Structures are given as structure tokens and as C-alpha cells.
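Here the structure is laid out as C-alpha cells; the discussion comes afterwards.
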Amino acid sequence: MNTSTMTPQSGRGTGFPEPALRPHTPVPAERETPPTSTALQQPVAADDRPATAPRGPGGEELPRLGALIRRHRTRTGLTQRELADLSTISVRAIRDLEQNRVRRPRTETVRLIADALRLGPRSRETLQQAAAQHRFAGLAECDGTQAAPLPPAASRPLTGRDGELSVIVAELATADQRLVHIVGLPGAGKTRLAQEAAGRLRHEERLPVLWFAHASQEGDGHPAAPGPGPGQLLLDCVRELFTGDPTAGGSTADADAPTLAEYLGDQPAVVVIDGAPGRPAHPERLARLLRDCPGLRLLVTSDAPWGLPGERVFLLTPLATDDTDAPDEAGAARLLLDDARRVSPGAVTTAEDLAAVTEICRNLDGLPAALLAAASWLVLYDVAALRRRLAEDPLPFLDHLAEQETAGRYPAALRRRVDTLPADHRALLAALCATEQAEFSLDDVEVLTGSPLAHCGRVVRDLLVSGVVRTVAGPAGTRFQVLRLIRAAHRTAPAG
């Protein structure tokens, strides 16, 4: 597996000392100051011009970029084809520029056109200023049906992820990493973390953010079928990356329509792909998108890494279940207590109740989706009874009582995650689940399988990345543990 850095839950190590792979595009030493994200929402002016008209070197109002290019071309007697040949830019690109259909004209494209037109210093500066103004105004030129797809609103605060959130926001805001991939077990909270990071990047870092939720995420209220405009460009781009066909699923895109790369151009922006279905079918197109849009950063959530150059793998582990100094301050306990107080305000009142909460969090591995589902059962059980029933079999309590339409989905998602593992990984996992040991070491795996140590190391590492196994730090050194929910799902899986 060719991945870069894996970052665990804040304050805990993974045992992977690998350095992060840097993106191919050089990153400036100083932090860039992006344009404000309000351009994503502003309506177009009545005359289809930017709200602030571009100004020339002498302060005079400039015509739009397309009009300037057309004026210089016709003055020199060139056709669009001749200008395309001289500038090495396609005829389509020249036509789109003159019609102001390119939302983010690239600096290099403008330079090539200026060279081909043999513009003098003053005309060249005027053209460059008009292009710069066009870049800042392009995202604003959408009517009400073309609003950019923004991150969905969160229904609850993010709990226990301050460290992870700070790392992701810092890396994307500074373009220290341009492809951040959050991976982890279903229910670990990948989408919620991406939502919070996107919101911070948009509101605090003033970066434009475009959000795309794969169809598998529609049940969470994130529509994957946008209207015309930037949302459609993003949809076409994602379809082309993962299927190779931008028209899959009924897209209305045509050959002359602008692409997402043309729309974004050089401007700093963040694109979030939530719930990616798997490795891109055409990774070279992803590399080209990042190359053509030097200000673009991608934030992706999915179950497993892609293994691509420049990919920064961010392993999202479950929430912490133990805090010896303050049990109610552990991330999992805080999440469960917050929801329990909404469901049943008097559910946790004594030290014994708090101890039961801690045990419930351990039985559910600190997975946010499992904790929220279990909290819904507190209308029927007190915490002591819920702890006892979870110890017997946690799987029935993974169904949220207030969400009947999701019944059975979570246990099925856990089983699918195991089923997608390679055969030898599944065999080792089955052998570990069959033992009575709660924890194991790499040496134990070597004895159990009889395989070479290097092979055992790679398999255990892959199981860690998949999320079905977690690291346990202790006085005996680095040890590992199969998640309790994975053990339970394995016990109830159909034979064969």
C-alpha cells in the first residue's frame, strides 16, 4: 500500500514513523492570502458584470477580459484559429475566454495570449489586470440556481476532535498538503470532521469551499445531484475521475462547457469529496487537475487510502474511551453524556452511572455513530441495564431508535468493511477473533500464522489502516486489539 502519513486521534501514536509525501506542486514559504469566499454566494449584477468593474493603469474602467482579447485580436487581423496557433492555446479556450465563459483564467494562459498578440507593456498590464479582476469575480457570476455547493450545516457540535481538526485545517489552509484523505472505520466520524474542517476553512481562512457528497451519503442529507453551474461542474469532474465518463448518471455537460479546472483556474479553493466510492479510475486526471489548478486543495473521506503519490492519509481512530484523571472528559464519554442528557436528562447522576458510561464507551470502541445510537436506547434502559445488555451483544444497539430507515445499516457496514479485506487479512482477523486474548503483539501474529515477520508486519499495518484493529499502549509495549464491534460482527456473520 503506497500511502503517506497516517495521523491518529489527538495525543496517541500509531507506530508508523513514515514521513509525509509532499505534493508535486511547489509550495511557497509564506502563507498565501486567498480571496474571500463570499464570491461563492454573491448574485450576478444585472448587466452580467462584476460588482466592481476592473480598472486600468490610469484608473479608467476596463472592458471585461473577453472584450479586451477580442478587441486586440480583431485589431491585429487574427482569427480565433490563428490566435490559437500562435499562442498554443486551443480554439475552444480562445472562444470561451472571449465569451467570458472561463471563470478562472490562468496567469500562464493570459501571458501566452499577450505574447501572441505582441502587446506592449501598457496593454499587457491592462489585460493582466482585467484577468485578475475576472478571477475574483468569476465565482460570483451565478444566478440563484447556480449557487456553489457549500458544506452542509452540522446538526450537533463536534466533540473530542480538536487535535485532528487543527491539523487538517492548518495543512489545507497553508497548502502544506493538497490531497488530504481522511480514512477510518464506518461510524468513526469522517464526514462530521470534514464538515467542521470545511466550515473553518471557509469562515476563518476565507477560502472558497465546494462540497460534493457521493450518492452513498445522500441518506445523511447531502444531495449529490446539484443544479446547473459550479455544482454541475464539480459533479462532472468527480464522475470523470471515478468512472471516466462525465455524462454518467444523466449529466447535461457538453463538449463546449467549461470544466472545473477552467472554472477554478489559479484561485485558492478547497474541494471536498465526501464518501468517495474507491480509488479513482483515472488517477492521472486527478494529478492533472491539481497541476492545472495550483491553488486547489482536496479533502476526501472514504474507508480506505488510494495509495497515490502526494496523498496525505489521515487515519481517524475512534474517540478516546479512558481518561484516568477525569473519566467524564474522555472524548467518547463527553459525546455519550451530551446525547444522553438530551434523551434522558436524569440518566447519569451518580459515580456508578459515570462508571457505567465509561464501560459502555469501551464496549462500543468509542465509535461516534455507535455511541449516538446507544444513547437513543436510554429512553428504555437505565445506564446500568444498558451496560449489561451491551456486554452481552452490542449489535442490536447500533440501530438508532429515532432513525428507523437506517435499521441494520451499521452492522452491515462493519461486515462489508471486513469483507473488502484481502483473503489473508480476513483469515488472520478470523484467527484473532477466535482466540480468547483481548490483545496481541506482532510476535503473536508471527507464531499464529507461521508467516515471515515482514509479511506479518504488513498485514497488521493494513488492518490498522482499515480501522478494524487499534493500537493499545501499555507497560508491555506496543500491542493491538481487534475492535469489540468487529468481533461481534464476526461472530454473527454467515458462515462461508
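Every value quoted in this text rests on a predicted model; they were computed, and no experiment measured them. Just so you know, residue 1 is the first one in the sequence shown, and it goes up from there.
- Heavy atoms only, all atoms of each residue included: S344 and L378 are closest at CB-O, 3.9 Å.
- Under a 4.0 Å N-O distance rule, the pair D176/R312 does not qualify as a salt bridge.
- No side-chain heavy atom of V418 sits less than 4.5 Å from a side-chain heavy atom of H425.
- D444 has its side chain out of reach of T435: every pair of non-hydrogen atoms, C-beta onward, lies at least 4.5 Å apart.
- Checked by atom type and distance alone, the side chain of R484 pairs as donor or acceptor with a backbone atom of R362 at under 3.5 Å.
- Between P149 and L234, the closest heavy-atom pair is CG-CD2, 4.0 Å.
- The pair R192-E196 counts as a salt bridge, with a side-chain nitrogen and a carboxylate oxygen less than 4.0 angstrom apart.
- Exactly one of L179, L207, T174, V209 qualifies for a side-chain contact (heavy atoms from CB on, under 4.5 Å) with R297. That residue is L207.
- Residues I273 and H214 form no side-chain contact, since every pair of their non-hydrogen atoms from C-beta on lies 4.5 Å or further apart.
- Between L336 and V348, every side-chain heavy-atom pair lies at or beyond the 4.5 Å cut-off.
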Margin query: Run L380 and L386 through side chain to side chain contact (heavy atoms under 4.5 Å, CB included) and show every step you take.
Written below: CA-CA 9 Å; L380 305 176; L386 183 60; over 6 Å; no
Item checked: Test side chain to side chain contact (heavy atoms under 4.5 Å, CB included) applied to Q177 and I168, step by step -> CA-CA 9 Å; Q177 298 289 340; I168 291 174; over 6 Å; no
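- Checked by atom type and distance alone, the side chain of R387 never pairs as donor or acceptor with a backbone atom of V357 at under 3.5 Å.
- In this structure, the side chains of Q232 and L235 come closer than 4.5 Å at one or more pairs of heavy atoms.
- Using a 4.5 Å heavy-atom threshold, the side chains of D303 and R417 count as touching.
- Closest heavy-atom contact between R334 and G160: NH2-CA, 3.5 Å.
- Salt-bridge formation is not detected for the pair D338/R156: no Lys NZ or Arg NE/NH1/NH2 atom is positioned less than 4.0 Å from an Asp or Glu carboxylate oxygen.
- Of the possible donor and acceptor atoms, one in the side chain of W377 sits under 3.5 Å from a partner among the backbone N and O of D399.
- Here the CG-CG distance, from L364 to L483, works out to 10.5 Å after rounding to the nearest 0.5 Å.
- If you take CG on L210 and CG on L264, they are separated by 6.0 Å, rounding to the nearest 0.5 Å.
- Not a single donor-acceptor pair under 3.5 Å links the side chain of D462 to the backbone N or O of V459.
- Under a 3.5 Å cut-off, the side chain of W306 and the backbone N or O of G278 do form a donor-acceptor pair.
- No donor-acceptor distance shorter than 3.5 angstrom exists from the side chain of Q267 to the backbone of G295, with no hydrogens or angles considered.
- Between A188 and L367, the shortest heavy-atom distance links the atoms CA-CD2, 3.9 Å.
- The minimum heavy-atom distance between A340 and A375, with the atom names listed, is N-CB, 4.3 Å.
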Item checked: Derivation of the side chain to side chain contact (heavy atoms under 4.5 Å, CB included) call for L165 and L193 -> CA-CA 7 Å; L165 180 63; L193 180 59; 4.1 Å; yes
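- Between the CZ atom of F314 and the CD1 atom of I182 there is a distance of 6.5 Å, given to the nearest 0.5 Å.
- Y381 places none of its side-chain heavy atoms less than 4.5 Å from the side chain of L390.
- Using cut-offs of 30° and 60° on the angle between ring planes, the pair F440 and F480 is tilted.
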Notebook entry, point to check: Taking it one step at a time, do R342 and D339 satisfy salt bridge (Lys or Arg N to Asp or Glu O under 4.0 Å)?
Noted result: CA-CA 5 Å; R342 280 192 288 268; D339 219 52; 2.9 Å; yes
Item checked: Worked verdict on L319 versus R161 for side chain to side chain contact (heavy atoms under 4.5 Å, CB included) -> CA-CA 8 Å; L319 292 169; R161 298 295 193 189; 3.6 Å; yes
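- The backbone N or O of E284 sits nowhere less than 3.5 Å from a side-chain atom of H282 that would complete a donor-acceptor pair.
- The CZ atom of R239 sits 12.0 Å away from atom SG of C237, with the distance rounded to the nearest 0.5 Å.
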Margin query: Using the rule given for salt bridge (Lys or Arg N to Asp or Glu O under 4.0 Å), can you reason through K190 versus D274, listing the C-alpha separation, both sets of side-chain angles and the distance that settles it, and then say yes or no?
Written below: CA-CA 8 Å; K190 301 183 291 293; D274 181 37; over 6 Å; no
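- Between the SG atom in C293 and the CG atom in L260 there is a gap of 6.5 Å [rounded to 0.5 Å].
- To the nearest 0.5 Å, atom CD1 of residue I486 and atom CG of residue L414 are 5.0 Å apart.
- The backbone N or O of L421 lies less than 3.5 Å from a partner atom in the side chain of R426, making a donor-acceptor pair.
- By the 4.5 Å heavy-atom criterion applied to side chains, L316 and T301 are not counted as neighbours.
- Among all heavy-atom pairs drawn from L485 and N363, the shortest one is CD2-O, 4.1 Å.
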